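Just so it is clear, the structure is predicted and the values come from calculations on it, not from any experiment. These numbers come from the heavy atoms of this one structure, side chains and all, not from hydrogens, waters or symmetry mates.
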Amino acid sequence: MSTTPAPAPTVRALLARRELDLRLASATDDAALDAPVRWVHSSDLADPTPFLSEDVVLLTTGTQFAEGAPRDVDAYVRRLRARGVRGLGFGTEVVRAGIPEPLRTACRRAGIPLFEVPYRTPFIAVARAAAEAIAAQAYARRSWALDAQRSLALAALRPDGFDATLAELSRQLRAWVGLYDASGALTHEHGPREGRAVAGSAGAVDAVPRDAVGAEASALLRRGGGTGASVRLGGLPVALQTLGSGGQRGVLAIAGADLDQDARAVVTAVVATTGLALEQRRLTAGAWSGLRAALVDLIAADRLDLARDVAADAWGSFPAAPYIVAVADAAAPTGAREVLDHDGATGRLFYGRDDDGVLMIAAASDRPLLDAIAERLTWRIGVAVATSDADVAAARDRARLARDRGRSGAVTDVADAPGDLLDDLASAGARIRAGAELDALRRHDARHGTALEATLTAWLENDGAHEATARALGVHRHTVRARIALAQRLLGRDLASFPDRAAVWTALRLAP
């Protein structure tokens with residue numbers, strides 16, 4: 001059972017100490033009375049603020065107010081307020097009887113609690129009482145931190161230790177705790193009134209701005225490294241810390257708790273254990289990735305039947321035909337595995353990697369699933385349909401071609417890919433062969449300053465019409481006729497025949 005953290009020392013707590021006999025002298029709100037106090041200081045300076053820290057209670061006998069100096073009591077109180085003074089104690093019967101009325105009015109206007117310290121109560125007694133409360137609070141917080149870390153260690157030993165640890169952290173901090181995976185997706189969350197994880201759902205604390213927290217988590221993941229951030233979102237304090245090697249395995253987020261030094265120590269312990277668990281998961285995932293790569297090799301060898309049996313044994317299922325076969329870029333963005341595993345766990349998607357990229361197979365009706373993956377991971381994905389097991393290897397080749405023509409963040413079908421068939425034939429060998437085909441033509445143009453290649457291209461584009469070609473080039477049709485005749489001789493082609501025309505056109509398109 002964890003120790004309940006002691007409340008912070010406050011003006012209200014000092015007033016409650018009967019032995020001090022302090023009496024509130026000005027009306028103020030509860031927030032001012034309950035604000036935490038870090039120390040008690042005494043001074044009769046007209047302006048003590050250069051010597052004060054924030055969140056202190058100031059004690060004074062009012063010497064600075066004797067004989068009307070300083071006259072501007074309001075300015076004195078405003079300076080205290082601006083410095084962050086939490087309360088003002090006035091020692092009566094030392095310099096004057098009672099508290100000056102202008103001081104009461106100024107403190108009431110500024111919202112600073114003003115209380116009377118009677119003559120029989122020394123200032124040192126007030127300071128000692130505050131110091132005892134501060135020490136008691138520090139001891140309680142240390143005790144709470146130790147109890148909390150013991151409870152978290154026990155939670156980590158449970159069969160569901162990963163999730164139980166996050167739930168226990170939420171209970172100890174009385175805050176919302178969320179875990180974002182390497183893709184920036186919220187995978188676990190616990191609220192102070194929730195006893196279990198809610199994967200990918202609304203969760204217990206509706207006030208938590210999950211989208212804004214998720215955006216901050218994604219930004220941390222993009223930066224990488226062991227980074228953290230403390231922000232306010234939707235009026236709530238939010239602390240985030242990256243997890244795992246390189247800070248790219250996930251992000252732990254805590255909303256609704258202002259973390260002091262002891263609470264941060266507890267969170268640090270959870271970050272360490274959670275990061276270790278994520279690293280262990282990563283190593284396990286590496287072994288699964290090796291199995292997936294082997295299955296991709298089986299699929300490439302037309303052994304989809306064997307790959308399907310192994311995948312069904314390993315992950316429980318395999319998509320049913322007809323298939324949509326997809327090939328994505330070889331370079332996987334951060335979080336790709338988590339995104340694919342999420343869909344793979346449902347049996348809707350098989351995926352595996354080889355040197356050529358990531359192969360994905362889904363039911364043909366699940367095309368929107370691939371659209372969502374491409375958009376989320378900004379991947380180029382090419383797709384093709386395979387009606388049966390026997391079509392998968394060929395569909396993979398078509399999908400690869402579509403991927404190479406596609407754009408980032410989109411799914412491209414081979415039929416919709418930019419370019420045409422000649423672009424698909426533009427291998428390095430084909431380009432060299434095309435250049436050799438045109439070599440004699442190009443050497444003649446270079447030696448004599450002619451334009452045979454340009455004329456031949458225009459002539460073929462105009463379906464061999466001399467008049468149209470002449471207009472396009474701005475020359476006489478007889479010039480076009482003469483150039484085409486010379487080009488035929490140089491190329492050794494009969495441009496009146498379709499096969500030779502097709503061969504020359506292909507060479508013109510492919511030659512570098």
Side-chain angles (χ1 to χ4, degrees), residues 178-189 197-203 208-224 227 233 240 242-244 246-253 278 281-282 285-286 288-289 292 296 315 317 319 323-354 356-384 396 399-400 402-413 416-417:
L179 180 68
Y180 293 83
D181 65 19
S183 71
L186 179 63
T187 58
H188 296 77
E189 61 174 328
V198 184
S201 65
V208 175
R210 289 167 182 77
D211 290 344
V213 177
E216 292 287 339
S218 296
L220 282 180
L221 288 168
R222 286 193 297 270
R223 288 200 290 271
T227 58
L233 300 172
L240 304 102
T242 55
L243 303 170
Q248 293 186 329
R249 301 298 172 203
V251 173
L252 180 68
L278 290 176
R281 288 189 175 191
R282 181 184 67 83
W288 286 116
S289 294
R292 290 183 180 277
V296 171
W315 298 290
S317 62
Y323 308 109
I324 184 164
V325 179
V327 178
D329 294 313
T334 299
R337 178 184 293 150
E338 286 77 7
V339 171
L340 297 178
D341 280 344
H342 179 269
D343 295 310
T346 66
R348 298 172 62 194
L349 179 74
F350 167 79
Y351 77 92
R353 174 189 299 280
D354 64 6
D356 192 51
V358 178
L359 171 68
M360 293 173 282
I361 300 176
S365 58
D366 260 342
R367 163 67 185 264
L369 174 63
L370 297 173
D371 291 324
I373 291 172
E375 181 178 1
R376 185 168 182 184
L377 298 178
T378 63
W379 245 345
R380 289 188 310 162
I381 297 180
V383 297
R396 183 190 181 196
R400 184 187 301 113
R403 175 203 62 187
D404 294 341
R405 297 285 182 77
R407 58 184 176 82
S408 297
V411 174
T412 304
D413 191 284
D416 302 324

Could you go through the side chain to side chain contact (heavy atoms under 4.5 Å, CB included) check for Leu240 and Tyr180 one step at a time? CA-CA 10 Å; Leu240 304 102; Tyr180 293 83; 5.6 Å; no
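- Listed by chain and number, the residues in a side-chain hydrogen bond (donor to acceptor under 3.5 Å, both in side chains) with Tyr323 are Arg308, Asp389 (sequence neighbours excluded).
- Within the model, atoms OG1 of Thr412 and CZ of Arg380 stand 9.0 Å from one another, a figure rounded to the nearest 0.5 Å.
- Between the side chain of Thr187 and the backbone N or O of Leu179, at least one donor-acceptor pair lies under 3.5 Å.
- Residues satisfying the side-chain hydrogen bond (donor to acceptor under 3.5 Å, both in side chains) test with Arg396, not counting sequence neighbours, are Asp354.
- The shortest side-chain heavy-atom distance between Ile381 and Met360 falls under the 4.5 Å cut-off.
- The salt bridge (Lys or Arg N to Asp or Glu O under 4.0 Å) analysis of residues 368-377, with sequence neighbours excluded, yields the pairs Arg367-Asp371.
- Taking each heavy atom of Ala363 and Pro319 in turn, the nearest pair found is N-CB, 3.7 Å.
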Using side chain to side chain contact (heavy atoms under 4.5 Å, CB included), reason through Arg400 and Asp404 one step at a time and then give a plain yes or no. CA-CA 6 Å; Arg400 184 187 301 113; Asp404 294 341; 4.2 Å; yes
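- Taking CD1 from Ile361 and CD1 from Ile324, the interatomic distance works out to 11.5 Å, rounded to the nearest 0.5 Å.
- Between Val383 and Ala326, the closest heavy-atom pair is CG1-CB, 3.7 Å.
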Decide yes or no on side chain to side chain contact (heavy atoms under 4.5 Å, CB included) for Arg403 and Asp329, but give the supporting numbers first. CA-CA 8 Å; Arg403 175 203 62 187; Asp329 294 313; 4.0 Å; yes
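- Contact record, Val327 with Ala399: CG2-CB, 3.9 Å, taken as the closest heavy-atom pair.
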For Glu216 and Val251: C-alpha separation, side-chain torsions, deciding distance, then whether side chain to side chain contact (heavy atoms under 4.5 Å, CB included) applies. CA-CA 10 Å; Glu216 292 287 339; Val251 173; over 6 Å; no
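- Contact check for Leu349 versus Asp366: no side-chain heavy atoms found under the 4.5 Å cut-off.
- Interatomic distance, CG of Asp181 versus CG of Leu221, reported as 8.0 Å (0.5 Å rounding).
- For Ser408 against Thr378, the heavy-atom pair with the smallest separation is CB-O, 3.8 Å.
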